[in-house]
There are 2 protein chains.
Amino acid sequence: MLAQEGTISKPGEQKDTATCEHISRMLSRICDKWTVLVIRALGRGPRRFNALRRDIGEISQKMLTQTLKELEENGLVSRTVTPVTPPQVEYALTELGKDFLRPVRALATWVAVHSDQITEARSVYAEARINV
Amino acid sequence: MLAQEGTISKPGEQKDTATCEHISRMLSRICDKWTVLVIRALGRGPRRFNALRRDIGEISQKMLTQTLKELEENGLVSRTVTPVTPPQVEYALTELGKDFLRPVRALATWVAVHSDQITEARSVYAEARINV
DNA sequence: CTGGATCCGCGCGGATACTG
DNA sequence: CAGTATCCGCGCGGATCCAG
């Protein structure tokens, strides 16, 4: 897929294109709504399943399970099971996950800082649509 | 929605919860696959529609149109129409968009740097699943 | 060239019920 | 408590056709 056999001008650029596609795939794998929210929630410390569920609030049990499994698969989250009754499962960020927390937080804080500008832009856009 | 009327312990925390939800909504609005890819593509300079389409490569016309419209609505992208035949429409990052480029790039570069670790974690995870 | 409109399949994501 | 399994609606997203 994504042949794009043309435009092989320089080896440097060609490599860039390849890595670009790789990055794109990784980005689309990681950058979805739930992933970011879960990473952020786990950034405040290790949590058990339902505690995590409450922290995020709007997430369903299914999506949380699924997202956690993906994150564990990608090596960003560790899953520790304590075999007692009732069973305890604690999720925590791995070293890789903690490292990933930085760009995620950067994104979150950016949104926090500029949310007003965005909402204003939205109202401006909505108002402009009337004058058409 | 998202009532959650309990747990109003301290006004500070209560405000944090409110802003947290606000941020979450913003994040889920901005952080999807296409948005990030388009922002990144526009980060390399203003582009016209099909040029942008080629740059991203894997995006369909529908999704590009849709994503661009959302980004314009959020004030991150400007749309300049030059009324000629054939019509030219140039998309560019606004100042807000350029600013947003920073955390997005941070995310992208992080993925680029750690993609190997992620792929390795995936293979480790896959291998561990066999030993069950 | 820059889209809008439409059809449609598939997967996201919620709800519910059940297991250990 | 921590999930798995199932059903199901709705929206994402591709494909195609058409307009300005």
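Letters go in sequence order (proteins before strands), and every chain restarts at 1.
- Going from atom OG1 of A/Thr67 over to atom CD1 of A/Ile59 covers 5.0 Å, rounded to the nearest 0.5 Å.
- Nearest to the side chain of A/Met63, among C/dG14, D/dT4, C/dG3, sits C/dG14.
- Side-chain contact check for B/Thr65 and B/Gln61: at least one donor-acceptor pair (N or O, by modelled atom type) lies under 3.5 Å.
- Annotation: side chain of B/Trp110 is in contact with side chain of A/Asp99 (closest heavy-atom distance under 4.5 Å).
- Here B/Gln66 lies out of heavy-atom contact (under 4.0 Å) with every strand.
- Checked against D/dG13, C/dG3, D/dC1, the side chain of A/Pro87 finds its nearest nucleotide in D/dC1.
- One can place CH2 of A/Trp34 at 15 Å from C1' of D/dC12, the figure rounded to the nearest angstrom.
- When rounded to the nearest whole Å, the span between CD of B/Glu58 and P of D/dC12 equals 18 Å.
- Note: CG (A/Asp32) to P (C/dC12) measures 10 Å, nearest angstrom.
- Salt-bridge annotation for B/Lys69 and B/Glu72: absent, with no side-chain N of the basic residue lying under 4.0 Å from a carboxylate O of the acidic one.
- We find that OH of B/Tyr91 is positioned 7 Å from C1' of C/dT2, with the value rounded to whole Å.
- If you take CZ of A/Arg54 and C1' of D/dC1, they are 10 Å apart, rounded to a whole angstrom.
- With distances taken from any side-chain atom of A/Phe49 to the nucleotides C/dT2, D/dG3, C/dG13, the minimum falls on D/dG3.
- Map A/Gln61 and A/Pro86 each onto its nearest nucleotide of DNA chain D; the residue landing nearer the 5' end is A/Pro86.
- For CD of B/Glu120, the number of neighbouring non-hydrogen atoms (other residues, nucleotides, ligands) closer than 6.0 Å is 12 at most.
- Remark: P of D/dG3 and CG of A/Leu64 are 8 Å apart, rounded to the nearest angstrom.
- Comparing C/dC1, D/dA15, D/dA2 against the side chain of B/Lys62 picks out D/dA15 as the nearest.
- No side-chain donor-acceptor contact under 3.5 Å links B/Arg47 to the backbone of B/Tyr91.
- In the hydrophobic clustering of ILVMFWY residues, with side-chain heavy atoms under 4.5 Å counting as a link, B/Val113 and A/Leu107 come out apart.
- DNA chain C is contacted by no residue of residues 68-84 of chain A, taking any non-hydrogen atom closer than 4.0 Å.
- Rounded to whole angstrom, the span from the CZ atom of A/Arg48 across to the C1' atom of D/dC1 amounts to 7 Å.
- Atoms CZ (B/Arg53) and P (D/dG13) sit 15 Å apart, rounded to a whole Å.
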